[in-house]
Amino acid sequence: MYRLVRPLLFALPPRLAHELGMLALAPLEHAAPLRALVRARLAPRDGRIAVRAMGLDFPSPLGVAGGFDKDARRARALAALGFGFVELGTVTAQPQAENPPPNLFRLPADRALINRLGFPNQGAARVTERLVGRGGAAAVGVPVGMSIGKSRVAPLDPIEPAIADYLASFREVRRAADFVVINVSSPNTKDLRAMQGPAIARALLSAIMRENRGAGRPLPLLVKVAPDLGDEELEALLAVVEEVGLAGVIATNTTVRRDGLATSPAAVEAMGAGGLSGPPLRQRSLAMVRRIRARLGGGVTVIGAGGVESAEHAMDQIEAGADLVQLYTGFVYGGPLLPAAIARGLSELVARAGARSIQDLVGGRTGSAARAAMIGHGA
């Protein structure tokens with residue numbers, strides 16, 4: 001069905017198509033009987049693909065990435081479609097509009113997107129109130145993450161106003177979230193990626209961790225990293241993650257690189273700046289997941305994001321070391337039934353691998369055996 005609708009949606013400007021998609025999800029978000037019906041059909045129910053991470057129970061390792069539902073308008077609907085968790089936002093302490101349009105572009109030849117939206121959202125307080133008003137994370141039915149970023153108006157030099165800005169967002173979203181993602185890696189907020197440097201990252205992440213420990217209900221905190229970090233830069237940031245004691249890392253955000261694309265260089269140049277997502281990011285994401293897992297070991301949660309379009313892609317992330325996996329661009333191209341299809345595919349892959357749980361396959365501990373089993377079963 002989506003294959004028939006997608007050409008019509010893709011004939012529209014990307015931002016308009018996204019808003020129409022969100023509008024189409026409104027009945028599912030607001031009608032509990034419809035949600036129950038859809039959830040009964042699409043929600044993952046195979047215990048072999050359930051994941052226990054960060055003290056939370058995920059019915060499947062597949063979640064929707066931050067950026068899709070920036071204002072927490074469709075969390076319950078997304079869960080009903082078969083996602084094992086949802087990440088909402090990115091929200092900022094101050095409400096802010098999107099960057100000047102055009103700011104979102106499709107690259108159909110690459111099944112990719114370029115965006116330079118820049119954290120448009122209604123503000124952490126209002127977004128949190130919306131989620132609380134709809135029953136909070138418990139009403140969503142799967143773990144809910146909230147992503148927080150820096151408001152454009154908060155300067156980075158000196159760093160104290162930016163830290164205060166993140167803390168203001170954190171104090172709001174912790175009222176409704178199961179975990180919080182600290183976004184310091186979007187390429188679309190001026191100088192934001194400088195916050196991945198060890199000195200600034202240590203100041204920011206330590207401040208949020210102190211606030212978190214002082215709360216009545218400390219939450220798992222994760223940081224989202226850029227795929228464009230060099231090995232030494234990533235190593236320095238991971239040392240801070242380990243020092244501060246974060247619960248996990250998301251690898252990765254979008255990339256500013258443009259190499260290896262099927263889309264013509266002239267067309268890509270005309271689109272301009274922004275973060276590239278989708279299949280061109282897949283191999284870099286996998287490489288970073290492997291490196292993060294090797295550096296931090298099994299004590300942290302690693303979430304792989306970048307170019308996931310199928311159960312096989314999700315399993316690649318898991319065998320590389322990811323506990324959980326996210327998609328966004330794949331959802332745009334694959335449609336609303338994709339989460340359930342990937343969950344079914346993961347069940348089949350776990351069965352073919354002869355594993356009791358998908359968690360047995362994390363980090364390549366049985367990856368070679370799993371692949372051999374898949375080949376032997378004609379995968």
Within this structure, what is the [atom1]-[atom2] distance for the pair [X] and [Y], rounded to the nearest 0.5 Å?
| X | Y | atom1 | atom2 | value |
| --- | --- | --- | --- | --- |
| Gln326 | Phe68 | CD | CZ | 13.0 Å |
| Gln359 | Arg52 | CD | CZ | 9.5 Å |
| Asp231 | Met288 | CG | CE | 8.5 Å |
| Glu319 | Leu349 | CD | CG | 8.5 Å |
| Arg193 | Asp228 | CZ | CG | 4.5 Å |
| Glu309 | Arg111 | CD | CZ | 4.5 Å |

Nearest heavy-atom pair of [X] and [Y]: which atoms, and what distance?
| X | Y | result |
| --- | --- | --- |
| Ala267 | Thr263 | CB-CG2, 3.9 Å |
| Lys190 | Leu156 | O-CD1, 4.5 Å |
| Gly275 | Pro187 | CA-CG, 3.7 Å |
| Val91 | Lys70 | CG1-O, 3.6 Å |
| Arg106 | Ala17 | NH2-CB, 3.5 Å |
| Ala112 | Ser277 | CB-O, 3.1 Å |

Do [X] and [Y] have side chains that get closer than 4.5 Å, going by heavy atoms?
| X | Y | result |
| --- | --- | --- |
| Leu117 | Asn188 | no |
| Arg73 | Leu88 | no |
| Leu346 | Pro61 | yes |
| Asn183 | Phe119 | yes |
| Met22 | Asp69 | yes |
| Val362 | Arg293 | yes |
| Ile182 | Leu204 | yes |
| Val184 | Leu237 | no |

Fill in: Asp259: partners by side chain to side chain donor-acceptor pair (under 3.5 Å), with sequence neighbours left out
Arg257

Fill in: Residues in side chain to side chain donor-acceptor pair (under 3.5 Å) contact with Asp71, at least two apart in sequence or another chain
none

Connected-component partners of [X] among ILVMFWY, side-chain separation under 4.5 Å:
| X | result |
| --- | --- |
| Leu276 | Phe105, Leu107, Ile114, Leu261, Val268, Met271 |
| Leu8 | none |
| Val153 | none |

Worksheet item: How far apart are the C-alpha atoms of Glu269 and Arg258, what are their side-chain angles, what is the distance that settles it, and do they pass the salt bridge (Lys or Arg N to Asp or Glu O under 4.0 Å) test?
Response: CA-CA 9 Å; Glu269 184 176 359; Arg258 300 289 189 265; over 6 Å; no

Item to complete: May I have the step-by-step check of salt bridge (Lys or Arg N to Asp or Glu O under 4.0 Å) for Arg175 and Glu129, ending in yes or no?
Response: CA-CA 9 Å; Arg175 298 188 292 120; Glu129 281 302 322; 2.9 Å; yes

Does the side chain of [X] pick up a donor-acceptor pair with the side chain of [Y] at under 3.5 Å?
| X | Y | result |
| --- | --- | --- |
| Thr90 | Asn121 | no |
| Ser285 | Gln317 | yes |
| Ser186 | Asn253 | no |

Item to complete: Please step through side chain to side chain contact (heavy atoms under 4.5 Å, CB included) for the pair Leu361 and Met315, ending with a clear verdict.
Response: CA-CA 9 Å; Leu361 304 178; Met315 186 61 78; 3.7 Å; yes

Indicate, with yes or no, if [Y] and [X] share a hydrophobic cluster defined by side-chain heavy-atom contacts under 4.5 Å among Ile, Leu, Val, Met, Phe, Trp and Tyr.
| X | Y | value |
| --- | --- | --- |
| Leu324 | Leu281 | no |
| Leu104 | Leu12 | no |
| Leu238 | Leu286 | no |
| Val132 | Phe179 | no |

Worksheet item: Mind checking what makes salt bridge (Lys or Arg N to Asp or Glu O under 4.0 Å) contact with Arg213, not counting sequence neighbours?
Response: none

Item to complete: Decide if atom CZ of Arg3 counts as having more than 12 heavy atoms of other residues, nucleotides or ligands within a radius under 6.0 Å.
Response: no

Discussion item. Taking CZ in Arg45 as the centre, count heavy atoms belonging to other residues, nucleotides or ligands within less than 6.0 Å. Is the count above 12?
Written reply: yes

Worksheet item: Between Asp316 and Arg282, is a salt bridge (Lys or Arg N to Asp or Glu O under 4.0 Å) present by the stated rule, with each step listed?
Response: CA-CA 10 Å; Asp316 286 342; Arg282 186 180 301 139; over 6 Å; no

Worksheet item: Among Val256, Thr255, Leu234, Thr254, which residue meets the side chain to side chain contact (heavy atoms under 4.5 Å, CB included) test with Pro227?
Response: Thr255

Item to complete: Please determine which of Leu222, Val181, Val173, Ile250 meets the side chain to side chain contact (heavy atoms under 4.5 Å, CB included) test together with Ser147.
Response: Val181

Discussion item. Under the side chain to side chain donor-acceptor pair (under 3.5 Å) test against Arg152, which residue among Asp165, Thr92, Asn99 passes?
Written reply: Asn99

Worksheet item: Taking it one step at a time, do Val140 and Leu131 satisfy side chain to side chain contact (heavy atoms under 4.5 Å, CB included)?
Response: CA-CA 9 Å; Val140 177; Leu131 189 57; 4.2 Å; yes

Worksheet item: Between Tyr333 and Phe10, does the ring centroid distance fall short of 6.0 Å?
Response: yes

